[in-house]
There are 2 protein chains.
Amino acid sequence: MTDTGIGPFIEHLKKRVPFTERELNEILSCFQEKRIKKRQFIIQPEFIARHRNYVLKGAFRAYVIDDSGEEHTIQFAIEDWWISDYNSYIYQTPATMFVVALEDSVILQIDYDSEQRLKAAHHRYETWFRIMAERSAAYQQRRVISNLTRTAEQRYDDFVERYPLIVQRVPQYALASYLGMTTEFLSRIRNKKVKKKS
Amino acid sequence: MTDTGIGPFIEHLKKRVPFTERELNEILSCFQEKRIKKRQFIIQPEFIARHRNYVLKGAFRAYVIDDSGEEHTIQFAIEDWWISDYNSYIYQTPATMFVVALEDSVILQIDYDSEQRLKAAHHRYETWFRIMAERSAAYQQRRVISNLTRTAEQRYDDFVERYPLIVQRVPQYALASYLGMTTEFLSRIRNKKVKKKS
DNA sequence: CTTATTTCCTGACCTGGTTCATTTTGGGAG
DNA sequence: CTCCCAAAATGAACCAGGTCAGGAAATAAG
């Protein structure tokens, strides 16, 4: 069992706000390391999402199930990403999403109350969470725009270009449902591209 | 020319964070009132969005134009809503959106630098912006989910139920493009409902 | 009040993407 | 190594929603 260092997490924190050593330690003391096995769920509908999760190692997928039983991927997360059911977490209401490990993983968790205390304790902590929320809002809006303006194939191309590492690590049906198409259609898109190259 | 009071704005601020009178005045001093005529643009592609805009009176629409010249509405804003090109504003990069007044309107504007100073000046101001960003991220994510899981007609029904006031104030083609469908298709949906009632 | 423009409606046809059913592939568990 | 089962590919029929074109209503402008 290799010891997964938290170095990347500290870098991640410092990249956004220039914390002092003391501050970094206070932040770290609010996080708990946790090992999650492949196929294990860390969030499920009906339960309240109690944590914000940083991925140290591994990969996760958040998805919802619609009225007709279809799965729709809302988010992926690999190393150095955060994942949760955002609405459930910030409003502390029952989740609508599943969040499941796609591989054996290691995460760092902060629970809701600790986060509140941290934000209240010091302006700089608040700043850090404000920046995270801003970036998240901006990201979600870009996704809305992409869904409205791009065709299925264009969305796939965009995704491959922006997140080539994720494409290789997640099952195709999960990617298809993230991009808003069926797995069959994504299969056709990919196949067409292979043919073109020859 | 009726004097549009800023009472609603103060309520809006106090609802999220319990500011003191002094704090409220400091915040207010960063905002400028502006009258905008119908069809006037407050944000355009290529230009950087310099302001965050609170609608005191009137209605706005933010939209992008895609490669094939189609408009796609990203956001509406009526009284007590905020509007800008979020990505352009927070990263201070050139906008991709148009934001236009749908009616003669009155807005309160804060410019980017004043916002930065405000956030740096006091923890509570930072908190307020953090809460705004969180809610915005949560909202955007609900929209992504709705786009992935609901049919065109369901999205229309959801919108009518949640924002009946907006439905009555914006042109149909703008609503259609917000919901991710053509104006023709929305027309059919509406017509079908009228028939059913008889 | 008249005219010009923009918005909305309606019908006929079209297509990107889905559905369903079947086959092939590939990656674990024993 | 092989057996099994989930994931991916493939073919054919189908449909939700789009496109195009012409006309009717509603607003705005003169």
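Just so it is clear, the structure is predicted and the values come from calculations on it, not from any experiment. What you see below is based on every heavy atom in this structure, not just the backbone, and it leaves out hydrogens, waters and symmetry mates. A, B, ... follow the sequence lines: proteins, then strands. Residue 1 opens every chain.
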Check your understanding: Should the ring pair B:Tyr125 and B:Phe19 be called parallel, tilted or perpendicular, given that the plane angle runs from 0 to 90° and is split at 30 and 60?
Key ->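 Aromatic pair B:Tyr125/B:Phe19 classed tilted.
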
Review point. When the ring planes of A:Tyr63 and A:Phe98 are compared, do they come out parallel, tilted or perpendicular, using 30° and 60° as the limits?
Key: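 Plane angle under 30°, so parallel.
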
Exercise for review: May I ask you to evaluate whether A:Thr182 reaches the phosphate of C:dG17, defined as a side-chain N or O under 4.0 Å from OP1 or OP2?
Suggested key: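 Result: no.
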
Check your understanding: Is the phosphate of D:dA6, meaning OP1 or OP2, less than 4.0 Å from a side-chain N or O of A:Gln172?
Key ->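 No, no such contact exists.
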
Verify the ring-centre separation between [Y] and [X]: is it less than 6.0 angstrom?
{"X": "B:Tyr89", "Y": "B:Trp82", "answer": "no"}
{"X": "A:Tyr163", "Y": "A:Phe76", "answer": "no"}
{"X": "B:Phe9", "Y": "B:Tyr54", "answer": "yes"}

For atom [atom1] of [X] and atom [atom2] of [N], their distance in whole Å:
{"X": "A:Leu175", "N": "D:dA8", "atom1": "CG", "atom2": "C1'", "answer": "13 Å"}
{"X": "A:Phe185", "N": "D:dA12", "atom1": "CZ", "atom2": "C1'", "answer": "16 Å"}
{"X": "A:Arg190", "N": "D:dA8", "atom1": "CZ", "atom2": "C1'", "answer": "10 Å"}
{"X": "B:Met181", "N": "D:dT19", "atom1": "CE", "atom2": "P", "answer": "14 Å"}
{"X": "B:Lys192", "N": "C:dG11", "atom1": "NZ", "atom2": "P", "answer": "15 Å"}
{"X": "A:Arg188", "N": "D:dA13", "atom1": "CZ", "atom2": "P", "answer": "13 Å"}
{"X": "B:Leu148", "N": "C:dG17", "atom1": "CG", "atom2": "P", "answer": "14 Å"}
{"X": "B:Tyr156", "N": "D:dA16", "atom1": "OH", "atom2": "C1'", "answer": "18 Å"}

Exercise for review: Assign each of A:Thr183 and B:Lys38 to its nearest nucleotide of DNA chain D by heavy atoms, then name whichever residue's nucleotide is nearer the 5' end.
Suggested key: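 Upstream on the strand: A:Thr183.
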
Check your understanding: Hey, which of these two, B:Tyr173 or A:Thr151, hits DNA chain C nearer its 5' end, going by closest nucleotide?
Key ->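 Checking each residue's closest nucleotide, the 5'-ward one belongs to B:Tyr173.
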
Exercise for review: Specify the residue among B:Glu184 and A:Glu70 whose closest nucleotide of DNA chain C lies further upstream toward the 5′ end.
Suggested key: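 Residue closer to the 5' terminus by nearest nucleotide: B:Glu184.
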
Check your understanding: Of the nucleotides D:dA9, C:dG28, C:dT10, which has the atom closest to the A:Asn191 side chain?
Key ->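 Nearest to the side-chain atoms of A:Asn191, counting from C-beta on, is D:dA9.
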
**Study point:** Among D:dA28, D:dG17, D:dA8, the nucleotide that comes nearest once only the side chain of B:Ala152 is considered
**Key:**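 For the B:Ala152 side chain, the nearest candidate turns out to be D:dG17.
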
